[in-house]
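In what follows, a structure is listed as structure tokens, so that the remarks can point back to it.
Below, read A as the first sequence line, B as the second, and so on, with proteins coming before strands; counting in each chain starts at 1. Only a predicted model underlies this, so the values are computations on that prediction, with no experimental measurement involved.
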Amino acid sequence: MNKIVNRRFKISFLDIINIFVIIFLMLPIMVIILYSFSSTSTTVFPLEGFTMKWYKEVLENRLFISALKNSVYVGILVSLISIIIGTLASFALTRYRFKFKNIISTTVLFPMTIPAIILGISLLSFFSYLEIPLSLLTVIISHALFCIPFVILIMNSQLIGFDVSVEEAAMDLGANAIQAFRYVIFPIIRPSLVGVMMITFALSFDEFLITFFVIGRQNTLPIIIWGMLRRGVSPTINVISTLVLVISMTLILIVNRYAKIKTFM
Amino acid sequence: MKKRNKHIYLLSPLYIYLILFFFAPIFILFIYSFWLKSSSGFIHTFTLQNYIKIFSNPLYLTVIRNSILIGLVTAVICVLASYPVAYAIAFKYKKLQDVILYIILISLFSSYLVRVYAWRIILGRYGLINQILIYLKLIKEPLTFFLYSPTSVIITLVFILIPFTILPIYSSLTNISIDLHEAAADLGANKFKTFFKVTLPLSKSGVTSGFIFSFVLATGDYVTPQLVGGTQGLMIGRIISDQFGMAFNWPFGSSLAYFTLFLIVLTVNLFIWIVKILKIGR
Amino acid sequence: MSSENELLIENTYKNFGNVSAVKNFNLKVEDNEFVTLLGPSGCGKTTLLRIIAGFEIPDSGDVLLNGKSIVNIPPYKRPLNMVFQRYALFPHMTVYENIAFSQFLKKKPKEEIKNKVKKMLELVQLEGFEKRKPDQLSGGQCQRVALVRALINEPKVLLLDEPLGALDLKIRKDMQIEIKNIQERLKMTFIYVTHDQEEAMVMSDRIVLMRNGEIIQIGKPKEIYNYPNSIFSAKFIGENNILDGEVLEIKNDHLVIDINGLNILTNKTSNVKIRDKVFLAIRPEKIKRIYTIENKSFDNHIVGKIEKIVFFGSTIKYYVSISEEIFLVIEEKVAEENNKHVKGNNIGDEVNLRFSKEDVDIFLK
């Protein structure tokens with residue numbers, strides 16, 4: 001009996017490392033959220049007063065609202081483009097055997113592994129070389145580039161487990177390719193698609209460095225945040241950051257709801 | 001399900017996209033690196049002058065070396081700190097597994113810019129750590145050693161990038177079945193032996209990809225050194241980006257980018273080679 | 001029974017890379033016939049079934065249904081249906097939706113679909129399971145749903161790809177009988193793939209024994225069992241004692257085969273010469289234990305020692321050593337046994353064995 005109790009309350013070295021890592025993962029997020037309600041305009045300890053006035057200020061800020069709109073617009077289009085291209089490719093990579101498949105499967109992941117700054121200046125050089133004006137469109141193109149590999153990675157892990165005979169059964173029972181997709185394949189992979197969509201949206205929504213190089217006159221949220229950070233500490237940064245965090249976390253919540261996150265890894 | 005080259009149709013959108021917006025841009029960047037800057041724009045030529053310039057000024061080499069060192073130290077700390085966490089999620093915390101993974105994912109997907117900024121609030125001269133210490137009357141003057149230095153850059157990068165190392169290690173550990181642990185224990189291996197002979201070698205792929213991920217991301221990082229690095233923590237990302245901004249010397253920026261990329265690839269391959277040579281667990 | 005639903009496979013070849021999965025395959029399946037493609041894994045039986053279903057296209061050759069080629073018709077237009085190895089039920093649909101799927105695609109009126117599904121569920125005793133999802137069913141129930149999901153489409157030929165492979169032995173035995181009954185009731189042509197020779201024996205009208213993409217033997221279960229045409233057939237179908245020997249003498253009405261010094265008499269076959277290396281196959285149940293040597297109709301008399309006795313319920317098997325190298329298995333009905341005190345019923349006892357020369361099959365090496 002004693003032994004059991006001892007075991008339950010024993011905290012090992014492993015636990016301490018874990019607690020430490022998790023506290024430090026959550027710490028920055030907590031700090032930002034907490035100080036977004038602080039009534040002082042500088043970050044002081046201990047926290048003084050509680051206020052919503054910074055929130056009001058941010059939500060009335062035209063610049064913020066238009067940047068938010070731009071970010072959402074970019075995020076939606078990026079997730080649509082990358083999901084279509086990535087899922088089609090993932091079908092090819094998981095269903096068919098062909099020459100150089102291994103080389104191709106690794107090559108498609110390159111845009112994800114190359115440092116963002118190099119991707120950013122490459123795209124900038126490319127657009128300027130072809131005299132393509134920088135705009136939200138160039139941002140969308142650039143974001144989709146690094147989102148596609150994520151889609152492929154995640155969809156591959158989903159489609160490898162997909163029982164091909166289910167699809168064959170549909171065809172055997174009279175479904176042509178389109179009907180088999182509509183009635184059988186799509187409903188089965190729909191949760192994964194929703195999950196991937198949220199993840200790519202979140203990736204695009206938070207992307208800063210590439211955007212920094214390829215954006216034109218308009219702004220996305222990270223660009224606005226960066227501008228404020230350069231200018232110095234303002235309590236409204238905390239508010240915008242909190243709002244951005246809330247949006248990202250909601251997306252992850254939705255992902256977890258539709259498709260168990262664990263199966264993605 | 002073999003149907004005459006159907007995969008080509010499925011892959012062609014991806015091919016077109018990658019060729020147009022990935023391979024073409026990095027190729028154009030490469031071309032730029034052989035051009036020259038003049039007062040009126042760029043001279044379309046073919047010269048190695050930009051590359052020679054990198055070696056002529058010790059500033060560039062020092063910053064590149066520092067960036068790679070910061071990247072390596074960050075990656076090593078990331079892997080060392082992630083392994084116990086990944087191990088515990090995979091084998092120890094059955095009930096807490098989902099909660100911890102969820103926290104890691106929130107951290108991973110919450111704005112990177114915001115998290116770096118938060119670390120500035122925490123580490124800054126008038127940051128929370130100093131304020132708390134002063135409040136508790138442990139110090140009188142703000143401490144500065146962890147501020148605007150390579151140390152603060154590394155601390156911040158570690159906590160920003162740790163999800164990128166935990167997840168691959170966790171996922172490689174989950175591929176190891178519990179049976180294998182039990183089999184090892186059954187054959188008389190103690191905990192440490194089991195770990196070094198069974199667990200570690202089998203999770204090698206996760207460790208390798210986690211290391212590479214965090215190294216590449218840390219070395220090429222731009223935001224962290226800017227916000228918490230000060231002049232001491234200057235990294236190559238800033239210098240490259242300045243060439244595309246204020247300095248308006250794209251050709252030189254391109255050559256810096258390619259030279260750095262070359263060194264990063266070299267280091268990564270060196271690491272893979274070392275892992276192979278060590279033959280961990282054999 | 002005219003050639004109403006006659007399926008003809010002609011000179012069919014199929015290669016995967018360098019591996020040839022099906023070689024020069026010719027088969028005619030009659031209406032209402034239950035034909036089983038039997039063979040070890042990798043023998044090409046599943047590939048052949050998939051060629052018939054339309055999931056694989058043969059490199060050459062033809063598949064004809066009622067005289068018309070169907071090779072170029074895509075699977076969804078073929079009047080054939082298939083039951084898959086691992087059920088392949090649609091996981092997101094209920095039992096009802098699964099079964100109704102083909103009728104829904106054919107845009108049949110709702111009322112008609114409802115009646116048909118009801119009939120199908122009655123056929124496999126799954127009334128009341130309409131609203132369940134596949135993950136709420138047992139393996140046996142899944143297989144029944146998969147079966148009627150294919151049957152509702154009234155296929156000209158039903159293809160079954162090791163449908164019972166994933167089930168427990170007990171449920172498998174019940175399902176074998178059930179499937180056979182349904183086939184007889186509906187008067188349909190079934191082509192069944194299995195690697196289990198016992199399953200093939202229980203269910204089939206005809207067995208097509210395959211190896212390495214080729215047909216080894218075609219025949220009724222009894223024919224293949226009693227008259228295997230090759231050492232492969234003899235080994236694969238049922239149990240057999242295989243002996244390795246050499247032709248010693250050729251007599252008027254029999255052969256003498258030397259097995260490591262033991263002489264065994266067999267029927268005469270025309271194609272052997274003296275010194276030819278041969279295999280002999282003797283079914284365990286054809287070897288009798290005798291207590292006194294009297295009956296002359298048995299041509300082979302051997303003395304051996306019982307090494308092991310295994311009880312199988314209705315039968316019992318004796319493992320008998322004849323010499324250092326030669327072992328024989330003998331199978332008897334249990335009713336004949338039960339005399340513990342009789343000599344030759346216990347391990348270590350010496351037994352006299354006999355079998356007629358007609359019961360020995362002989363194959364050239």
Side-chain angles (χ1 to χ4, degrees), chain A residues 14 17-18 21-22 24-29 31-32 35 42-46 84-86 88-89 91-92 95-98 108 110-111 113 115-118 121-126 129 141 145 148 164 202 206 208-209 213 222 225-226 229 237 241 244-245 248-249 251-252 256 261-262 265, chain B residues 1 6-7 10-11 13-14 17-18 21-22 24-26 28-29 32 81 84-85 87-88 92 98 100-107 109-115 117-119 121-122 128 131-132 135 159 162 167 170-171 216-217 219-220 222-223 227 237 240-241 244 250 253-254 257 261 264:
Chain A
L14 200 61
I17 296 176
N18 271 287
V21 168
I22 282 154
F24 276 83
L25 279 177
M26 293 313 285
L27 188 68
I29 297 171
V31 166
I32 294 286
Y35 278 92
T42 51
T43 315
V44 290
F45 182 86
I84 291 169
I85 296 178
L88 289 178
F91 263 102
R95 288 289 173 82
Y96 301 96
R97 282 189 219 162
F98 46 88
V108 298
F110 278 179
T113 44
I117 184 151
I118 294 177
I121 57 172
S122 300
L123 286 158
L124 172 63
S125 310
F126 172 75
Y129 184 82
I141 289 172
L145 185 62
I148 291 169
V164 182
D206 283 342
F208 163 68
L209 196 48
F213 289 104
I225 295 175
W226 178 248
L229 290 179
I237 304 179
S241 302
V244 170
L245 285 177
S248 306
M249 282 187 214
L251 289 174
I252 295 302
N256 204 23
I261 284 175
K262 245 166 84 178
M265 295 178 299
Chain B
M1 278 297 283
K6 210 172 159 190
H7 67 274
L10 293 170
L11 279 170
L14 176 74
Y17 204 92
L18 284 184
F21 299 121
F22 181 69
I26 59 170
I28 285 174
L29 191 76
Y32 266 82
V85 179
Y87 186 89
K92 201 174 172 209
D98 285 353
I100 299 176
L101 278 176
Y102 196 61
I103 289 172
I104 291 164
L105 282 165
I106 284 178
S107 167
F109 281 101
S110 57
S111 172
Y112 143 81
L113 213 54
V114 171
R115 278 181 298 146
Y117 158 67
W119 280 102
I121 293 184
I122 295 165
L128 286 177
Q131 287 197 44
I132 291 171
Y135 179 79
F159 283 106
I162 221 172
L167 292 181
Y170 165 74
S171 113
V216 172
L217 289 172
T219 309
Y222 173 78
V223 173
L227 288 183
I240 293 174
S241 126
F244 282 80
W250 291 18
S254 310
L261 189 62
I264 289 176

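The distance from the CG atom of L14(B) to the CG atom of L88(A) is 9.5 Å, given to the nearest 0.5 Å. To the nearest 0.5 Å, atoms CD1 (I106(B)) and CG (L245(A)) are separated by 9.5 Å. The OG1 atom of T219(B) sits 12.0 Å away from the CD1 atom of I117(A) when rounded to the nearest 0.5 Å. Taking CG of L105(B) as the start and CE of M249(A) as the end, the distance is 12.0 Å to the nearest 0.5 Å. We find the CD1-CG distance between I85(A) and L11(B) to be 11.5 Å, quoted to the nearest 0.5 Å. Atoms CG and OG, from L29(B) and S125(A) in turn, are 4.5 Å apart once rounded to the nearest 0.5 Å.
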Exercise for the section: May I have the step-by-step check of side chain to side chain contact (heavy atoms under 4.5 Å, CB included) for I121(A) and I240(B), ending in yes or no? Expected result: CA-CA 9 Å; I121(A) 57 172; I240(B) 293 174; 3.6 Å; yes
Problem - Intermediate values then yes/no, side chain to side chain contact (heavy atoms under 4.5 Å, CB included), L145(A) and L18(B) - result: CA-CA 7 Å; L145(A) 185 62; L18(B) 284 184; 4.0 Å; yes
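I141(A) touches chain B through backbone and side chain together, each having a heavy atom under 4.5 Å away. Only the side chain of F213(A) comes within contact range of chain B, with heavy atoms under 4.5 Å apart. I84(A) does not touch chain B: none of its heavy atoms, backbone or side chain, sits under 4.5 Å away. With a 4.5 Å cut-off on non-hydrogen atoms, Y32(B) touches chain A through its side chain but not through its backbone. Contacts of F159(B) with chain A are made by both backbone and side-chain atoms, with heavy-atom separations under 4.5 Å. Only the side chain of I148(A) comes within less than 4.5 Å of a heavy atom in chain B; its backbone stays farther off. For a residue to count as touching a neighbouring chain, one of its non-hydrogen atoms must lie under 4.5 Å from one of that chain's; by this rule I32(A) touches chain B with the side chain only. Both the backbone and the side chain of I132(B) come within contact range of chain A, with heavy atoms under 4.5 Å apart.
Shown here for L25(A) and S107(B), the closest heavy-atom pair between the two residues is CD2-OG, 3.4 Å. What you find for S111(B) and V244(A) is that their closest heavy atoms are CB-CG1, 3.6 Å. Minimum interatomic distance between P84(B) and L14(A) (heavy atoms only, all atoms of both residues): CB-CD1, 3.5 Å. What you find for L113(B) and P222(A) is that their closest heavy atoms are CD2-O, 3.2 Å. The two residues I17(A) and A81(B) have their closest heavy-atom pair at CG2-O, 4.2 Å.
Chain B forms the most heavy-atom pairs under 4.5 Å with one residue out of P115(A), P28(A), S248(A), and that residue is P28(A). By number of non-hydrogen pairs under 4.5 angstrom with chain B, the leading residue of L251(A), L124(A), L123(A) is L124(A). Chain A forms the most heavy-atom pairs under 4.5 Å with one residue out of G220(B), S110(B), A88(B), and that residue is S110(B). Between chain B and the options A116(A), S122(A), A92(A), the largest number of non-hydrogen pairs under 4.5 Å is found for S122(A). When the candidates L209(A), T113(A), D206(A) are compared by the number of heavy-atom contacts under 4.5 Å with chain B, D206(A) comes out ahead. Across F98(A), F91(A), F110(A), Y129(A), the residue that shares the most heavy-atom pairs under 4.5 angstrom with chain B is F98(A). With chain A as partner, the option from G253(B), S241(B), S254(B) having the largest number of non-hydrogen pairs under 4.5 angstrom is S241(B).
Taking the side chain as every heavy atom from C-beta outward, I122(B) and L27(A) approach each other to under 4.5 Å. For the pair Y117(B)/W226(A), no side-chain contact is recorded, criterion being any heavy-atom separation below 4.5 Å from C-beta on. F126(A) is not listed as a side-chain neighbour of I26(B), based on a closest heavy-atom distance of 4.5 Å or more.
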